[in-house]
K.L.:
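I'd like to ask some things about the structure below.
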Amino acid sequence: YPLFCLLTWSMAFGALFGGLFALWAIINAPLIIGYDLRKATPEQLALFGNAAIVALNQDPAGHQAVPAYQSGELQIFVKTLSNGTKGVAIFNRGLGPVDATLMASHLKFLPNRNVTLTDLWTGQQHRFTGEAKFRVEPRQTLMFTASGTRELEDGLYLSEQPGNVN
């Protein structure tokens, strides 16, 4: 489904809109901007101009993210990118902050090897082995690319290649 963005709406729901934009990217939906971008604020242009998040959406593998974890308030989506790394979205659907645990197994990476995360909002890198913990604010979506040692040396799980299944 396309994400139809009205920037006047996004001004009223700033944090929520950033989360929606991130979810748009992870599921490979087309983006339709219904606004004169010449009137956009620097914050709005920075959001739409986040090259790392747009690149996640435009990855040539064409895979949509699949849910790797879901609870009442928290969802973790993972998609396999064309270079073998992963795109990750950790989304708090709730109205209060939640603690999230991202596990190497969510990414189909070996739990006893290093996993490197690059935050797509800030560019900062984080490393973990086994699992990493995050505090996710209400309606916030954390976005990362992740690299690590794959569980399968020679092959992919079906959930890693939804765009290749015919």
K.L.:
Is there a side-chain contact between P138 and P97 in this structure, where contact means two heavy atoms from C-beta onward sitting under 4.5 Å apart?
P.N.:
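In short, these two side chains touch, coming nearer than 4.5 Å.
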K.L.:
Quick one: does Q124's side chain get under 4.5 Å of T118's, heavy atoms only?
P.N.:
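No; the side chains remain at least 4.5 Å from each other.
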K.L.:
What distance do L142 atom CG and Q140 atom CD have between them, rounded to the nearest 0.5 Å?
P.N.:
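Reported value, rounded in 0.5 Å steps: 4.5 Å.
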K.L.:
On a heavy-atom basis, which atom in D59 and which in T80 lie closest, and how many Å separate them?
P.N.:
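Smallest interatomic distance, heavy atoms only, reads OD2-O, 4.4 Å.
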K.L.:
With sequence neighbours left out, write down each residue that passes side chain to side chain contact (heavy atoms under 4.5 Å, CB included) with Q58, or none if nothing qualifies.
P.N.:
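Q58 satisfies side chain to side chain contact (heavy atoms under 4.5 Å, CB included) with V54 only.
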K.L.:
Under 4.5 Å between any side-chain heavy atoms of T129 and V115, yes or no?
P.N.:
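A side-chain contact is absent here, since even the closest heavy-atom pair is not under 4.5 Å.
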K.L.:
What's the spacing between L120 CG and F144 CZ if we round to 0.5 Å?
P.N.:
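If I round to the nearest 0.5 Å, the distance is 8.0 Å.
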K.L.:
Going by heavy atoms in the side chains, are E151 and Y157 under 4.5 Å from each other?
P.N.:
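Of all side-chain heavy-atom pairs linking Y157 with E151, at least one is under 4.5 Å.
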K.L.:
May I ask you to test the L102-V88 pair for a side-chain heavy-atom distance under 4.5 Å?
P.N.:
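When only atoms from C-beta onward are counted, V88 and L102 do touch, with a gap below 4.5 Å.
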K.L.:
Would you call the rings of Y69 and H106 parallel, tilted or perpendicular, taking 30° and 60° as the class edges?
P.N.:
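The arrangement is tilted - the two ring planes meet at 30° to 60°.
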K.L.:
Please answer: with hydrophobic residues joined when any side-chain heavy atoms are less than 4.5 Å apart, are I26 and F48 in the same cluster?
P.N.:
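Result: yes, single cluster for both.
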K.L.:
Taking the side chain as C-beta and beyond, is there a heavy-atom pair between E73 and N92 under 4.5 Å?
P.N.:
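A side-chain contact under 4.5 Å exists here.
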K.L.:
Please find the pair of heavy atoms, one from G87 and one from L56, that lie closest to each other, and give the distance.
P.N.:
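The pair with the smallest heavy-atom distance is CA-CD1, 3.6 Å.
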K.L.:
Nearest 0.5 angstrom please: N57 CG to L23 CG, how far?
P.N.:
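Output value for this atom pair is 11.5 Å.
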K.L.:
Hydrophobic clusters here meaning ILVMFWY residues chained together by side-chain heavy-atom distances under 4.5 Å, can you tell me if W121 and V78 are in one?
P.N.:
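The answer is no; the residues belong to distinct hydrophobic clusters.
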K.L.:
Looking at side-chain heavy atoms only, is the closest gap between K79 and Q64 below 4.5 Å?
P.N.:
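Answer no - side chains too far apart.
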K.L.:
How far does CG of L156 sit from NZ of K108, to the nearest 0.5 angstrom?
P.N.:
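Taking CG in L156 and NZ in K108, the distance rounds to 11.0 Å.
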K.L.:
Decide whether W24 and I76 are clustered together by the hydrophobic rule: side chain heavy atoms of Ile, Leu, Val, Met, Phe, Trp, Tyr closer than 4.5 Å, transitively.
P.N.:
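No, W24 and I76 fall in different hydrophobic clusters.
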K.L.:
Evaluate the side-chain contact (heavy atoms from CB on, under 4.5 Å) criterion for residues F134 and I90: first the C-alpha distance (whole Å), next the side-chain angles of each, then the deciding distance (0.1 Å), finally the verdict.
P.N.:
CA-CA 9 Å; F134 300 94; I90 303 174; 4.0 Å; yes
K.L.:
Taking only Lys NZ, Arg NE, NH1 and NH2, and the carboxylate oxygens of Asp or Glu, determine whether R150 and E160 approach each other closer than 4.0 Å.
P.N.:
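Result for this pair is yes, salt bridge flagged.
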K.L.:
Closest approach of L117 and A146, non-hydrogen atoms and distance?
P.N.:
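Smallest heavy-atom distance, with atoms named: CD2-CB, 3.5 Å.
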K.L.:
Assess the side chains of T101 and E131: does a donor N or O sit below 3.5 Å from an acceptor N or O?
P.N.:
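Not at all, the side chains of T101 and E131 share no donor-acceptor pair under 3.5 Å.
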K.L.:
Please examine the side chains of T149 and F109, heavy atoms only from C-beta on, and report whether any two atoms are closer than 4.5 Å.
P.N.:
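Not touching, per the 4.5 Å side-chain cut-off.
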K.L.:
Do L74 and F128 share a hydrophobic cluster, counting only Ile, Leu, Val, Met, Phe, Trp and Tyr and linking them when any side-chain heavy atoms are less than 4.5 Å apart?
P.N.:
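In one cluster: yes.
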K.L.:
With clusters defined by side-chain heavy atoms of hydrophobic residues (ILVMFWY) lying less than 4.5 Å apart, directly or transitively, does F91 cluster with V66?
P.N.:
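Different clusters: V66 never reaches F91 through Ile, Leu, Val, Met, Phe, Trp or Tyr contacts under 4.5 Å.
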K.L.:
Can you tell me how far apart NZ (K86) and OG (S147) are? Round to the nearest 0.5 Å.
P.N.:
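One finds 11.5 Å between NZ of K86 and OG of S147.
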K.L.:
Which heavy atom in F77 sits nearest to a heavy atom in A65, and how many Å separate them?
P.N.:
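That would be CB-CB, 3.8 Å.
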K.L.:
Drop me the distance from T141's OG1 to L20's CG, to the nearest 0.5 angstrom.
P.N.:
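The OG1 atom of T141 sits 7.5 Å away from the CG atom of L20.
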K.L.:
Closest heavy-atom contact between L45 and L37?
P.N.:
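Closest pair (atom of L45, atom of L37, distance): CD2-O, 4.0 Å.
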